[in-house]
Novice: 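This is the structure I have questions about; it appears just below.
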Amino acid sequence: MSPWPFTPSQPRDYSLPNASWSSEMQRLYEHYNNLCEMETEGGEKIKGAWRRLPSYNRSLKYATGGQCLSKLLQGKARIFTRNIEEQGAGFEYVVFVNKQEKTCVCVFQAGHLLEGPPGHVHGGAIATIIDSVTGTHATYLSGPVMTANLTVNYRSPIPLGSVVLVHSSLDKTEGRKTFLSCQVTSTDGSKMHTEATGIACLCPLVWATSWDSDGQSSRCGDGSSYCSERTAEAKQSPWAVGVLFECILFLNDQFSKTFTSH
Ligand SMILES: CCCCC/C=C\C/C=C\C/C=C\C/C=C\CCCC(=O)SCCNC(=O)CCNC(=O)[C@H](O)C(C)(C)COP(=O)(O)OP(=O)(O)OC[C@H]1O[C@@H](n2cnc3c(N)ncnc32)[C@H](O)[C@@H]1OP(=O)(O)O
């Protein structure tokens with residue numbers, strides 16, 4: 001055992017295949033994964049248009065500088081979609097983004113703990129996966145965001161255990177706001193299960209600090225500036241932002257305790 005309590009551990013990436021994945025889930029994972037890397041005529045491997053985003057079960061633990069404080073302050077916190085231990089019982093999903101097209105696709109297999117109507121996925125679980133995919137997409141494009149608005153239209157029920165595709169696309173950006181559209185379809189695209197639109201709002205702190213030294217805004221609605229590269233993976237967040245978020249969460253917790261104990 002290490003004498004140092006904050007020794008970094010290797011995070012588990014929850015978006016990699018596991019034994020619960022159906023053959024369809026596995027097939028689609030391989031399909032998009034193959035698009036992440038291309039082979040030239042000379043046999044050289046180059047980056048493809050798509051990129052798989054890793055996924056962890058805690059939001060700040062793996063941010064640079066976040067993992068130390070998160071052991072103290074966020075011991076029991078878990079990302080909602082990754083908090084069921086049993087493989088295949090909850091949300092099994094993997095997210096891929098296409099940087100050039102500013103689109104995003106998630107391969108989603110819904111487990112038995114997500115039941116709503118008998119044999120079908122709960123509407124809240126569908127909204128959750130949509131929120132997670134559009135939130136991840138907006139974060140990739142614009143930086144750390146909060147969902148300000150999510151409008152969901154349920155068109156046809158999703159059978160439990162089935163695999164569906166969650167497509168997210170960028171409609172526009174306006175100041176701090178990123179507007180996205182989302183469709184949940186069958187894997188062959190023939191059936192529309194759910195349609196949604198959402199507005200993700202860049203966190204005030206990030207907005208306030210997203211100015212380059214030359215006075216130009218570096219916020220990145222066009223997905224081309226620095227934040228698109230640094231935000232999708234929490235690992236790449238600046239440590240100061242991680243520490244600040246942890247402190248905000250800690251203070252918030254302390255205030256809540258103070259007010260509920262009287
Ligand atoms: C604690 C910090 C957490 C930070 C997270 C950091 C990193 C994330 C990292 C990785 C993410 C990876 C994966 C994502 C996975 C899951 C995603 C889950 C996402 C969620 O599950 S997240 C929880 C639910 N979410 C909330 O809990 C938000 C509660 N809310 C607020 O925190 C405020 O409401 C806020 C911040 C949204 C805005 O507040 P504010 O004070 O900063 O700014 P303000 O009100 O001025 O709005 C600015 C402009 O947005 C327009 N606007 C505002 N609200 C609107 C609405 N509803 N409809 C249409 N437009 C709206 C205004 O009209 C104005 O527009 P304009 O600039 O044009 O005037």
Side-chain angles (χ1 to χ4, degrees), residues 11 13-15 51-67 69-70 73-74 77-83 90-97 104-106 108 123-152 166 168 170-182 196-210 217 219-221 223 226-256:
D13 182 351
Y14 284 74
S15 67
R51 184 173 168 200
R52 184 183 68 83
L53 299 182
S55 174
Y56 306 109
N57 69 347
R58 296 170 74 173
S59 51
L60 288 170
K61 183 177 176 188
Y62 304 116
T64 309
Q67 62 188 347
L69 282 169
S70 71
L73 309 181
Q74 280 197 294
R78 291 287 181 279
I79 289 175
F80 184 37
T81 51
R82 299 296 189 189
N83 68 5
F91 298 86
E92 289 292 337
Y93 66 102
V94 51
V95 177
F96 295 89
V97 288
C104 173
V105 69
C106 162
F108 170 44
I126 299 169
T128 296
I129 194 70
I130 290 172
D131 190 25
S132 297
V133 174
T134 52
T136 300
H137 191 199
T139 301
Y140 185 79
L141 294 168
S142 307
V145 293
M146 295 282 270
T147 307
N149 169 271
L150 190 64
T151 304
V152 184
V166 185
S168 170
L170 174 69
D171 291 335
K172 61 175 178 177
T173 56
E174 228 173 56
R176 286 170 58 194
K177 294 173 290 185
T178 304
F179 294 75
L180 301 127
S181 290
C182 188
T197 55
I199 304 173
C201 195
L202 200 60
C203 293
L205 177 72
V206 178
W207 176 254
T209 55
S210 62
S217 170
R219 58 188 183 264
C220 39
Y226 75 98
C227 32
S228 62
E229 285 300 328
R230 76 172 158 82
T231 49
E233 293 169 53
K235 265 177 150 179
Q236 295 171 15
S237 301
W239 69 269
V241 174
V243 168
L244 201 54
F245 278 155
E246 297 266 1
C247 292
I248 292 166
L249 291 167
F250 174 70
L251 290 173
N252 184 45
D253 197 37
Q254 294 306 306
F255 278 122
S256 309

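As the structure is a prediction and not an experimental result, all values here were calculated from the model. As the structure lists them, so they are numbered: ligands from 1, and atoms in each ligand from 1.
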Novice: Tell me, please: is Gly175 in heavy-atom contact with ligand 1, that is, under 4.0 Å?
Specialist: no
Novice: Nearest heavy atom to atom 39 (O) of ligand 1: which of Glu174, His137, Arg176 does it belong to?
Specialist: Arg176
Novice: Any side-chain heavy-atom pair from Thr178 and Leu170 closer than 4.5 angstrom?
Specialist: yes
Novice: Distance under 4.0 Å to a non-hydrogen atom of Asp131: what atoms of ligand 1 satisfy this?
Specialist: 17 (C), 18 (C), 19 (C), 20 (C), 21 (O)
Novice: Using the ring of each side chain (for Trp, its six-membered ring), is Phe108 parallel, tilted or perpendicular to Phe91, with breaks at 30° and 60°?
Specialist: parallel
Novice: Does any N or O atom in Lys177 lie less than 3.5 angstrom from one in ligand 1, N or O only?
Specialist: yes
Novice: Is there a side-chain contact between Asp13 and Ser55, using heavy atoms and a 4.5 Å cut-off?
Specialist: yes
Novice: Of the listed options (Thr147, Thr139, Val145), which comes nearest to atom 10 (C) of ligand 1 when hydrogens are ignored and any heavy atom counts?
Specialist: Thr139
Novice: Distance under 4.0 Å to a non-hydrogen atom of Cys203: what atoms of ligand 1 satisfy this?
Specialist: 4 (C)
Novice: Out of Ser132, Ala148, Cys201, Ala138, whose heavy atom sits nearest atom 55 (C) of ligand 1?
Specialist: Ala148
Novice: Among Thr134, Asp171, Asn149, find the residue that satisfies the side chain to side chain contact (heavy atoms under 4.5 Å, CB included) test when tested with Phe179.
Specialist: Asp171
Novice: Looking only at N/O atoms, are Ile199 and ligand 1 under 3.5 Å apart anywhere?
Specialist: no
Novice: Of the choices Ile129, Thr136, Val95, which has the non-hydrogen atom that lies closest to atom 13 (C) of ligand 1?
Specialist: Thr136
Novice: Is there a side-chain contact between Val133 and Cys104, using heavy atoms and a 4.5 Å cut-off?
Specialist: yes
Novice: So, Arg51 side chain and Val97 main chain: donor-acceptor pair closer than 3.5 Å or not?
Specialist: no
Novice: So do the side chains of Val166 and Cys182 get within less than 4.5 Å of each other, counting heavy atoms only?
Specialist: yes
